[in-house]
Amino acid sequence: EQREDGEQAGVVLFGRTPSLIVAPTKDGIELADELKRKIFHKAEKARIRTRVQELERSDLNEETEAELVELQGHLDEIEAFREELGVDGTDLEAACRLARGLLPSESRRRVMLYSDGNVNRGELLRELTELERAGFTAHAGLLDRGEEPEVVAEELILPAQAQVLA
């Protein structure tokens, strides 16, 4: 969405716990690689894992070994961030409360919420009332979860023989 002159924007990502990723700024927000890995952590994790598997199946040389080490570091960063964020929960109340505390009262204050809609923590309606009292406007957008499964099996090992009981 377009910002008006002097308007600030920042980025708060949330799960069980909100995390300030980009502090409010009047400048544009550039999606550097590290920021992309955080915002799109699920897709980035899958992309990096695919590349790691490709490298592990290939004949490694000095260059590809260095790339493998770098990618493993990125995976570790993503996992640490996912743990910090608490991706097993969604607390929009906490995310909105953090956003409310970040923007100065003299600015036009709006919160843009993007979520998959699976709120399972906090009291969002209470916080939306607080945002309104504080002069905020709130806008919401539903993120498309797609048809991707929540679980991906990379390998299935079965015994040579199995007994079936009826």
Side-chain angles (χ1 to χ4, degrees), residues 1-3 7-99 102-103 110-122 124 138-165:
E1 185 167 309
Q2 288 293 99
R3 290 186 289 160
E7 197 172 34
Q8 295 184 34
V11 177
V12 173
L13 292 183
F14 56 92
R16 232 180 327 144
T17 308
S19 180
L20 177 63
I21 302 302
V22 177
T25 178
K26 292 179 182 177
D27 299 329
I29 297 173
E30 183 180 327
L31 288 180
D33 288 342
E34 182 182 357
L35 184 56
K36 285 179 189 176
R37 281 193 297 274
K38 287 183 174 181
I39 292 175
F40 307 111
H41 57 88
K42 190 174 182 179
E44 280 294 292
K45 182 177 171 182
R47 183 189 67 75
I48 293 171
R49 275 193 171 159
T50 298
R51 180 62 182 148
V52 165
Q53 289 171 348
E54 289 171 2
L55 290 173
E56 289 175 339
R57 286 189 217 112
S58 70
D59 292 330
L60 294 176
N61 58 38
E62 195 173 301
E63 184 180 317
T64 54
E65 280 184 27
E67 181 183 358
L68 186 59
V69 168
E70 180 181 8
L71 291 173
Q72 293 287 11
H74 292 326
L75 282 174
D76 291 344
E77 288 171 15
I78 289 171
E79 278 306 311
F81 180 70
R82 288 172 56 88
E83 183 67 30
E84 174 190 329
L85 207 57
V87 295
D88 61 334
T90 302
D91 189 345
L92 280 169
E93 175 192 11
C96 288
R97 190 173 47 247
L98 175 59
L102 292 172
L103 294 174
R110 8 180 217 170
V111 173
M112 305 292 293
L113 299 171
Y114 293 97
S115 172
D116 62 7
N118 289 333
V119 177
N120 56 17
R121 298 180 188 276
L124 177 59
H139 305 272
L142 187 61
L143 296 176
D144 182 15
R145 290 178 51 121
E147 296 300 319
E148 290 185 30
E150 289 287 324
V151 177
V152 175
E154 293 183 5
E155 184 176 13
L156 178 63
I157 300 172
L158 298 172
Q161 294 182 340
Q163 183 180 9
V164 178
L165 300 174

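No experiment lies behind these values; they were computed from the predicted model shown.
- For the atom pair CG of L60 and CG of L68, the computed distance is 6.0 Å after rounding to the nearest 0.5 Å.
- In this structure, H74 NE2 and R47 CZ are separated by 8.0 Å, a value rounded to the nearest 0.5 Å.
- Atom CD1 of I78 is separated from atom CG of L75 by 5.5 Å, given to the nearest 0.5 angstrom.
- Within 6.0 Å of atom CD in E83, 12 or fewer heavy atoms from other residues, nucleotides or ligands are found, so the atom counts as exposed in its surroundings.
- Minimum heavy-atom separation, P18 to A95: CB-CA, 3.7 Å.
- Residue E63 places its CD atom among 12 or fewer non-hydrogen atoms of other residues, nucleotides or ligands, all under 6.0 Å distant.
- The side-chain heavy atoms of E67 and R51, taken from C-beta on, include a pair separated by under 4.5 Å.
- Atom CZ of residue R97 and atom CG of residue D91 lie 7.0 Å apart, to the nearest 0.5 angstrom.
- Of the inter-residue distances, the one linking L71 atom CG with R49 atom CZ reads 12.5 Å to the nearest 0.5 angstrom.
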